[in-house]
Amino acid sequence: MNPSTNSPLSFSLSNSDLAALQRLDTPTVCNALEIVAPERRGSGYTVFPFHCPRPELSSIVGYARTATIRAMQPSGRTASDDTATRIAYYHYVGERSGDVPTIMVIEDLDVIPGYGAWWGEVNTTLHQALGSVGVVTNGSIRDLDDSAPGFHLLAGAVGPSHAWVHVVDFAKPVTVHGMAVEDGDLIHADQHGAVVIPHDVAADIPAAASTIAANERRLLDAAERPDFNAALLAQLLGGGEGH
């Protein structure tokens, strides 16, 4: 369970680049990827709904920290091995972070994902203190009122117990709600879900989003005109198919 060498610092954007991405919502980022990375139109994002108890929070952007968990049965390790694994995991979460934001992407491997919650008051607070701004998981969350303020939670379920929840592995590829993620991937997430942004096009996303917004504005403004009809819409769309 050694951390990957794919350090997020190897790909880190400037603070202004990250801030520009954070000002966008995740659907807009997905739209922009269709322009700057058209091969990604049908992949790289979550495809199942989440529980999002804090939809009022703004988008989050950060570099992935990955792990797998289980909760339906005890780990089978000794108590000392469990403690050692957990400590190694927390070292991994906090390493190389500094001012670089990270997002936890946690795959629950149980046949009933979310049987026990890894995320509650304690773990949200610890992870936030170690540099994480939120979590994307197919597992469960709890302690909704007591979780760390401002920590974004996207989870497959909400439940009352942690059962025998434990870390299985970390710094390895995971898949959460159809989104495949590797350690160090750049993640954008909000109440709609999450998407992986390829490092080589990340800085191009805001400009593409502005172009899309301008095109959409033409359609939205036209729809408010008293003479709006299908013929005008066809003219705006260039007489062809569009959306």
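For clarity, every value in this text was computed on a predicted model and none was experimentally measured.
Scanning all heavy atoms of the two residues, the minimum distance from Val158 to Leu144 falls at CG1-CD1, 4.0 Å. The shortest non-hydrogen separation linking Glu182 to Ala64 is O-CB, 3.7 Å. Nearest heavy-atom pair, His51 versus Gly156, reported as atom, atom and distance to 0.1 Å: CD2-O, 3.3 Å. Across all their heavy atoms, Val195 and Arg40 have their closest contact at CG2-NH2, 4.2 Å. Shortest non-hydrogen contact noted between His199 and Leu186 is CE1-N, 3.7 Å. Shown here for Leu24 and Pro206, the closest heavy-atom pair between the two residues is CD1-CA, 4.2 Å.
Ile187 places none of its side-chain heavy atoms less than 4.5 Å from the side chain of Tyr63. Annotation: side chain of Leu153 is not in contact with side chain of Phe50 (no heavy-atom distance under 4.5 Å). Looking only at side-chain heavy atoms (C-beta outward), His192 and Pro27 come within less than 4.5 Å of each other. Between Ile141 and Pro53, the closest side-chain pair of non-hydrogen atoms falls below 4.5 Å. Put simply, the side chain of Arg86 reaches to within 4.5 Å of the side chain of Tyr90, judged on heavy atoms. Side chains of Glu107 and Asn138 form a contact here, defined as non-hydrogen atoms less than 4.5 Å apart. Between Val201 and Leu33, the closest side-chain pair of non-hydrogen atoms falls below 4.5 Å. For the pair Leu237 and Leu233, the minimum side-chain heavy-atom distance is below 4.5 Å.
Arg142 places no side-chain N or O within 3.5 Å of a backbone atom of Gly120 that could act as its donor or acceptor partner. A donor-acceptor distance shorter than 3.5 angstrom exists from the side chain of Arg54 to the backbone of Phe151, with no hydrogens or angles considered. In this structure a side-chain-to-backbone donor-acceptor pair under 3.5 Å is present from Thr66 to Lys172. With hydrogens and angles disregarded, a donor-acceptor distance shorter than 3.5 Å links the side chain of Asn229 to the backbone of Leu232. In this structure, Thr102 contributes its side chain and Gly131 its backbone to a donor-acceptor pair below 3.5 Å. Thr78 contributes a side-chain N or O that, together with a main-chain N or O of Asp81, makes up a donor-acceptor pair within less than 3.5 Å. Counting only distance, with no hydrogens or angles, the side chain of Ser140 and the backbone of Ala157 share no donor-acceptor pair below 3.5 Å. Although no hydrogens or angles enter the test, the distance criterion places no donor-acceptor pair under 3.5 Å between the side chain of His188 and the main chain of Gln22.
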After noting the C-alpha distance and the side-chain angles of Tyr45 and Val196, does the key distance pass the side-chain contact (heavy atoms from CB on, under 4.5 Å) rule?
CA-CA 6 Å; Tyr45 53 87; Val196 177; over 6 Å; no

Begin with the C-alpha distance, continue with both residues' side-chain angles, and end with the deciding distance and a verdict on side-chain hydrogen bond (donor to acceptor under 3.5 Å, both in side chains) for Asn31 and Thr28.
CA-CA 5 Å; Asn31 287 349; Thr28 297; 5.2 Å; no

Does the pair Val105 and Arg65 meet the rule for a side-chain contact (heavy atoms from CB on, under 4.5 Å), with working shown?
CA-CA 6 Å; Val105 185; Arg65 285 285 181 260; over 6 Å; no

Should Asp82 and Ser75 be marked as a side-chain hydrogen bond (donor to acceptor under 3.5 Å, both in side chains) after you check the CA-CA gap, both sets of side-chain angles, and the distance that decides it?
CA-CA 8 Å; Asp82 268 340; Ser75 68; 2.8 Å; yes

Taking it one step at a time, do Ile35 and Ile212 satisfy side-chain contact (heavy atoms from CB on, under 4.5 Å)?
CA-CA 9 Å; Ile35 294 177; Ile212 292 169; 3.5 Å; yes

Trace of the side-chain contact (heavy atoms from CB on, under 4.5 Å) decision for Val135 with Ile103
CA-CA 6 Å; Val135 60; Ile103 295 175; over 6 Å; no

Asp169/Thr68 under side-chain hydrogen bond (donor to acceptor under 3.5 Å, both in side chains): CA gap, chis, key distance, verdict:
CA-CA 5 Å; Asp169 207 346; Thr68 53; 5.6 Å; no

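For Asp221, the side chain to side chain donor-acceptor pair (under 3.5 Å) partners two or more places apart in sequence, or in a different chain, are Arg217. Residues passing the side-chain contact (heavy atoms from CB on, under 4.5 Å) test with Ala67, sequence neighbours excluded: Tyr89, Ile106, Phe170.
Residue Met179 holds its CE atom at 8.5 Å from CG of Asp185, rounded to the nearest 0.5 Å. Here CE of Met104 is found 14.0 Å from CG of Leu154. Values are rounded to the nearest 0.5 Å. We find the CD-CG distance between Glu121 and Asp143 to be 6.0 Å, quoted to the nearest 0.5 Å. Rounding to the nearest 0.5 angstrom, the gap separating the CG atom in Asp110 from the CD1 atom in Ile69 is 7.5 Å. Taking NE2 of His162 as the start and CG of Asn123 as the end, the distance is 10.5 Å to the nearest 0.5 Å. The distance from atom CD of Gln73 to atom NE2 of His166, rounded to the nearest 0.5 Å, is 8.5 Å.
Put simply, Leu130 and Tyr92 are part of the same group of oily side chains (I, L, V, M, F, W, Y) that touch within less than 4.5 Å, one to the next. Residue Val122 is grouped with residue Val167 when hydrophobic side chains (ILVMFWY) are merged at heavy-atom distances under 4.5 angstrom, including chains of intermediate members. Two different hydrophobic clusters hold Val93 and Val133 under the rule that ILVMFWY side chains link at heavy-atom gaps under 4.5 Å. Note: the hydrophobic cluster containing Val181 does not contain Leu109 (ILVMFWY, side chain heavy atoms under 4.5 Å, direct or indirect links). Taking hydrophobic clusters as Ile, Leu, Val, Met, Phe, Trp and Tyr residues chained together by side-chain heavy-atom distances below 4.5 Å, Ile197 shares a cluster with Leu13.
In this structure, a donor-acceptor pair under 3.5 Å is absent between the side chains of Asp25 and Ser59. In this structure, a donor-acceptor pair under 3.5 Å is absent between the side chains of Tyr115 and Asp108. A donor-acceptor contact under 3.5 angstrom links the side chains of Thr26 and Asp190, judged on distance only.
Using cut-offs of 30° and 60° for the angle between ring planes, the His127 and Trp118 rings count as perpendicular.
Here Leu220 is tied to no hydrophobic group at all, with no ILVMFWY side chain closer than 4.5 Å.
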